[in-house]
Amino acid sequence: MQFKAMILDNTEVSPGYWRMRMTAPPEMLSARPGQFLMVRVNPSIDPLIRRPFGVFDVGMYQPAYTGAVAQPYLEMLYRVVGKGTGMLSDLHETDLLDMLGPLGSGFNNGPPGEEKIIVGGGVGLAPLYLLAKELVRDSPVRLFAGGKTKDDVLCITEFERLGVECYTATEDGSLGECGLVTQVLESRLDYTGNRGRIFACGPNGMLKAVAAIGKKRNVPCQVSLEGYMACGMGACLGCVCQGSGHSNETPDYRCVCTDGPVFDSTDLKWEGETE
Ligand SMILES: Cc1cc2nc3c(=O)[nH]c(=O)nc-3n(C[C@H](O)[C@H](O)[C@H](O)COP(=O)(O)OP(=O)(O)OC[C@H]3O[C@@H](n4cnc5c(N)ncnc54)[C@H](O)[C@@H]3O)c2cc1C
Ligand code: FES
């Protein structure tokens, strides 16, 4: 679906990280956690290519004017890394954005009652908030959030408000455990006897480590990949990654945009993994 969204708020929530709220069509309320949007960050042709962003949240808001009825909104959480995200951060209330979505596959929630383990690195937390909102309805949820410094660990208060138990780790020790979030995750799995189901999003190195932990401990694990995308609809093949069956003789490629971005971690071939 293509639609125009009007910006309601665009605020820097931590140095270099922004949260944008905008109007949305009612169809966005049924977006699956993990699905994404292709956003035209500028109405002109520069940059020509849309940029992909996860759906951080959807819901209803009450417009301020008298007699108004509640309207659907959607939110994105984004990190300024280049031209497109820089342009997004310059936008203001009432500016319009052209969006395509929701696209791709979402997370599979798994059975109710089971411990749900969410692992996010930096802005990888973006698609995990909507997931947590869904999972807390019928399962205990724990979040493991990591970053280089405390500035990279985002929106923890929002997760706590949902009733999620939060564990944090930073590489410089400025928040939570000093070290990698995967170390904290392993301690928790040691404690629970490898109970639960993992949902992860973040830098590739972190996803690879989380996938290895899931495999070693026999804990089901889904990952949301953030490959480079040009079309978001399976046409350009710019986003392909290798599936678990890949070899020189039998190529097995997956499109992150249409087969993913969420994959079962065992369906992918991770760098350095032997055939
Ligand atoms: C399915 C999906 C969901 C995403 N969700 C979010 C989200 O919710 N929030 C968010 O902040 N970002 C998200 N991203 C990443 C986001 O799309 C990129 O950061 C954005 O496109 C960069 O655009 P830019 O014009 O600012 O950067 P560019 O000017 O295009 O690039 C600037 C620098 O960033 C690097 N870069 C660009 N894209 C990526 C990428 N995908 N992964 C790693 N490095 C990259 C480039 O190599 C370059 O060094 C998502 C990506 C995908 C595929
Ligand atoms: S982004 Fe074009 S095929 Fe995936």
Side-chain angles (χ1 to χ4, degrees), residues 5 10-22 24 28 31-42 44-58 74-91 97-107 118 120-132 145 147-148 151-155 158 199-208 222-243 253-263 268 271:
N10 191 22
T11 303
E12 190 169 23
V13 290
S14 186
Y17 294 95
W18 292 69
R19 184 168 168 177
M20 183 185 276
R21 177 178 280 212
M22 61 211 103
M28 274 306 297
R32 293 283 314 128
Q35 286 191 296
F36 65 97
L37 299 154
M38 291 297 281
V39 181
R40 185 177 290 285
V41 295
N42 188 352
S44 84
I45 55 161
D46 181 30
L48 187 61
I49 296 172
R50 291 172 184 267
R51 301 295 197 257
F53 295 94
V55 180
F56 177 73
D57 195 14
V58 290
L74 83 88
E75 287 192 13
M76 300 186 322
L77 184 67
Y78 64 95
R79 182 180 183 195
V80 174
V81 294
K83 190 171 190 171
T85 44
M87 284 175 161
L88 274 186
S89 70
D90 287 336
L91 296 175
L97 274 178
D98 188 273
M99 322 278 272
L100 272 182
L103 299 167
S105 62
F107 288 100
I118 296 180
V123 80
L125 273 187
L128 300 175
Y129 179 72
L130 191 59
L131 175 71
K148 284 195 165 41
D151 292 342
D152 304 309
V153 182
L154 311 165
C155 302
E158 281 84 340
F199 306 84
C201 185
N204 271 337
M206 185 205 91
L207 293 184
K208 183 181 168 188
Q222 295 164 60
V223 294
S224 181
L225 300 186
E226 290 191 357
Y228 292 88
M229 288 187 182
C231 72
M233 288 182 289
C236 71
L237 302 186
C239 65
V240 291
C241 64
Q242 294 181 351
Y253 289 107
R254 315 282 169 100
C255 270
V256 175
C257 62
T258 47
D259 298 320
V262 178
F263 294 91
L268 298 176
E271 208 186 308

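In listed order, ligands and their atoms are each counted from 1. What you are looking at is a predicted structure, and each value in this text was computed from that prediction instead of being measured.
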Hey, is atom 4 (C) of ligand 1 under 4.0 Å from any protein heavy atom?
yes
Would V256 count as a contact residue for ligand 2, given that I'm defining contact as a non-hydrogen atom of the residue lying under 4.0 Å from a ligand atom?
no
Check: Y17/D152 side-chain N/O donor and acceptor closer than 3.5 Å
yes
What atoms of ligand 2 come within less than 4.0 Å of a heavy atom belonging to G232?
1 (S), 2 (Fe)
Using 2.8 Å as the threshold, say whether any N, O or S atom from C231 sits that close to atom 2 (Fe) of ligand 2.
yes
Polar proximity ligand 1 side, F36 side, N/O cut 3.5 Å exclusive
no
Taking only non-hydrogen atoms of T85 and a 4.0 Å limit, the atoms of ligand 1 in range are 24 (P), 25 (O), 26 (O)
Short N or O distance, L225 and ligand 1, threshold 3.5 Å exclusive:
no
Considering only heavy atoms, does M229 approach ligand 1 within less than 4.0 Å through its side chain, its backbone, both, or neither?
side chain
For atom 49 (O) of ligand 1, is there a protein heavy atom at a distance under 4.0 Å?
no
If we only count N/O pairs under 3.5 Å, is Y228 in contact with ligand 1?
yes
Is the distance between atom 4 (Fe) of ligand 2 and the nearest N/O/S atom of C239 smaller than 2.8 Å?
yes
Does the side chain of N10 come within less than 4.5 Å of Y78's, by heavy atoms?
yes
Using a distance threshold of 2.8 Å, state whether an N, O or S atom of C255 lies below it from atom 4 (Fe) of ligand 2.
no
Which atoms of ligand 1 sit under 4.0 Å from any heavy atom of V81?
19 (O), 22 (C), 26 (O), 27 (O), 32 (C), 33 (C), 34 (O)
Looking at A235, which atoms of ligand 2 are within less than 4.0 Å of one of its heavy atoms?
3 (S)
Quick check on contacts: which atoms of ligand 2 are under 4.0 angstrom from a heavy atom of G234?
3 (S)
Residue-level breakdown please: for V123 versus ligand 1, do any non-hydrogen atoms fall below 4.0 Å on the side chain, on the backbone, on both, or on neither?
side chain
In terms of heavy-atom contacts, does CZ of R79 have more than 12 from other residues, nucleotides or ligands at under 6.0 Å?
no
Kindly identify the option in P261, P52, G260 whose heavy atom sits closest to atom 52 (C) of ligand 1.
P52
Answer yes or no: does an N/O atom from L77 fall short of 3.5 Å to an N/O atom of ligand 1?
yes
